[in-house]
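Here's the structure, in structure tokens; my notes come after.
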Amino acid sequence: DDTSSEIIHPLLVGDDVRRFEVYFRNTYLIFTRRGIHIEKYAGILEHPSQFRLDLTPQKSDDDLRGRKPGDYAWYEIQDSTDYHATFRLPKIIYPEIAKESRFYLDTDGYFPLKTIFTIPSHDWYLLGILNSTSAWEYLKTICSVLGDEERGGRLTLQTIYLTNLTIPEAKQSDRQIIGALAQQTQQLHMQRRHKVETYLGLIGTSPAQSTSRNVLEQPWALGKDDFMRRARSAPLSVYYDARDETTALTEQ
């Protein structure tokens, strides 16, 4: 039902957002915001109807099932999401917690889960600065840290900290140069990612079911013996092709 696509959106979680790239895991969100005319989307209603008892607002504390009390319909998101229009626009997204720069400029209208923060900006220069070593070294000095930031500790990139990051007022010509480099870098990252997803499919690993902790997702850094141990039935030619292609893109 083509109408259904109006409220079904690609969804990202914090682990999906990387430096200049995203790992989309074929996960989607049915976004039934407050005030939605659900009768317009009859093709969708069948799915949440399976969970109606658990989605219905509780009437009292004695109710054993249901969501928190409120004036929302059983099929609606229980909290107001007036900011949702931002998600459809170009935006810079990044995870709440990270041990390295992980900023990405999204032009595909991904909806972020709560572990992702959003900057409503289409500024490639800003993306370049955010993903720079200098910016990350400064964030280490102002962000709350989980562990030791010099030994793999993770920074909490909450708004209270990130808004204190100073962005240089560069000349327009410099902004254009840095912005163009950031855009080119992201394009190369996504080209590499698409090749990785193709290669994962060829060795029988679903990109949707994989995770960033799967070493097979980095063929450019994976040795032949390690590949053979983890993908025993896959031909070595697939590995060599993926390794060479992704290595070339990584070097670029």
Side-chain angles (χ1 to χ4, degrees), residues 9-24 81-145 149-150 152-197 212 217-218 220 246-252:
H9 302 283
L11 183 70
L12 295 176
V13 301
D15 190 56
D16 298 331
V17 183
R18 298 284 146 176
R19 187 172 182 265
F20 289 116
E21 64 186 301
V22 290
Y23 300 172
F24 179 53
T81 51
D82 296 337
Y83 49 82
H84 68 85
T86 299
F87 298 156
R88 296 178 171 84
L89 302 174
K91 58 190 180 293
I92 295 174
I93 55 178
Y94 59 98
E96 180 180 6
I97 298 174
K99 62 180 180 180
E100 59 188 1
S101 299
R102 283 166 53 184
F103 297 87
Y104 176 82
L105 203 159
D106 167 35
T107 58
D108 294 316
Y110 287 110
F111 270 46
L113 208 60
K114 66 178 182 178
T115 52
I116 297 175
F117 290 157
T118 299
I119 301 172
S121 172
H122 195 180
D123 188 347
W124 290 100
Y125 167 74
L126 176 59
L127 181 71
I129 296 298
L130 291 172
N131 273 330
S132 69
T133 302
S134 299
W136 188 254
E137 289 300 315
Y138 184 72
L139 286 172
K140 286 181 181 180
T141 69
I142 62 174
C143 291
S144 176
V145 183
E149 69 271 20
E150 300 300 338
R154 288 166 168 77
L155 304 189
T156 55
L157 302 175
Q158 296 168 329
T159 305
I160 189 174
Y161 303 120
L162 208 70
T163 51
N164 288 316
L165 176 63
T166 301
I167 306 300
E169 287 288 350
K171 295 184 297 184
Q172 186 61 29
S173 57
D174 289 337
R175 295 177 69 96
Q176 291 174 347
I177 292 171
I178 293 173
L181 287 170
Q183 186 172 15
Q184 181 184 16
T185 302
Q186 181 163 300
Q187 289 170 347
L188 288 168
H189 269 266
M190 292 311 298
Q191 287 177 34
R192 186 181 68 179
R193 180 60 193 171
H194 294 323
K195 288 187 179 295
V196 168
E197 292 176 352
S212 62
E217 292 212 352
Q218 294 189 349
W220 64 91
T246 58
T247 296
L249 286 167
T250 301
E251 289 174 351
Q252 280 186 269

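Heavy-atom basis, side chains included; hydrogens, waters and symmetry copies ignored.
- A salt bridge links R193 with E217: the closest approach of a Lys/Arg side-chain nitrogen to an acidic carboxylate oxygen falls below 4.0 angstrom.
- Considering CG of N131 and CD of Q186, their distance stands at 8.5 Å, rounded to 0.5 Å.
- Shown are Y161, W136, F117, Y104; of these, the ring pair (Phe, Tyr, Trp, His ring centres under 6.0 Å) with Y94 is made only by F117.
- Within the 4.5 Å cutoff, the side chain of K140 has no heavy atoms near those of the V145 side chain.
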Do Y125 and D174 pass the side-chain contact (heavy atoms from CB on, under 4.5 Å) test, and can you show the C-alpha distance, the side-chain angles, and the key distance before you say yes or no?
CA-CA 9 Å; Y125 167 74; D174 289 337; 6.0 Å; no

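- At least one side-chain heavy atom of R88 sits less than 4.5 Å from a side-chain heavy atom of H9.
- Shown here for I178 and G128, the closest heavy-atom pair between the two residues is CG2-CA, 4.4 Å.
- Below 30°, between 30° and 60°, or above 60°: for W124 and H122 the angle between ring planes is between 30° and 60°, a tilted geometry.
- In terms of modelled atom types and a separation under 3.5 Å, the side chain of R19 and the main chain of S101 share no donor-acceptor contact.
- Rounding to the nearest 0.5 Å places CG of N164 at 5.5 Å from CD1 of I142.
- Considering SG of C143 and CD1 of I97, their distance stands at 11.0 Å, rounded to 0.5 Å.
- Between P95 and L157 the shortest heavy-atom distance is O-CD1, 3.7 Å.
- Side-chain contact check for R175 versus D123: some heavy-atom pair is nearer than 4.5 Å.
- For the side chain to side chain contact (heavy atoms under 4.5 Å, CB included) with E137, the lone residue among T133, L139, T141 that qualifies is T133.
- When all heavy atoms of L165 and Y138 are compared, the closest pair comes out as CD1-CD2, 3.4 Å.
- The CG atom of L162 sits 6.5 Å away from the CG atom of L130 when rounded to the nearest 0.5 Å.
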side-chain contact (heavy atoms from CB on, under 4.5 Å) evaluation trace for E21 with R192
CA-CA 9 Å; E21 64 186 301; R192 186 181 68 179; 3.0 Å; yes

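- Formation of a donor-acceptor pair under 3.5 Å by the R102 side chain with backbone atoms of G14 is found in this model.
- Within a 6.0 Å radius of CD1 in I160, no more than 12 heavy atoms belonging to other residues, nucleotides or ligands are found.
- Annotation: side chain of W220 is in contact with side chain of V196 (closest heavy-atom distance under 4.5 Å).
- Residues T86 and T118 meet the side-chain proximity criterion, which asks for heavy atoms closer than 4.5 Å.
- Taken from CD in Q183 to CG in L181, the straight-line distance is 10.5 Å, to the nearest 0.5 Å.
- From Q218, atom CD reaches atom OG1 of T247 across 11.0 Å, with rounding to the nearest 0.5 Å.
- No donor-acceptor pair under 3.5 Å is formed between the side chain of D16 and the backbone N or O of V22.
- The side-chain heavy atoms of P168 and I129, taken from C-beta on, include a pair separated by under 4.5 Å.
- A donor-acceptor contact shorter than 3.5 Å links the side chain of K91 to the backbone of Y110.
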What do the steps show when you test L127 against F20 for side-chain contact (heavy atoms from CB on, under 4.5 Å), and what is the final call?
CA-CA 9 Å; L127 181 71; F20 289 116; 3.7 Å; yes

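- The side-chain heavy atoms of D106 and L12, taken from C-beta on, include no pair separated by under 4.5 Å.
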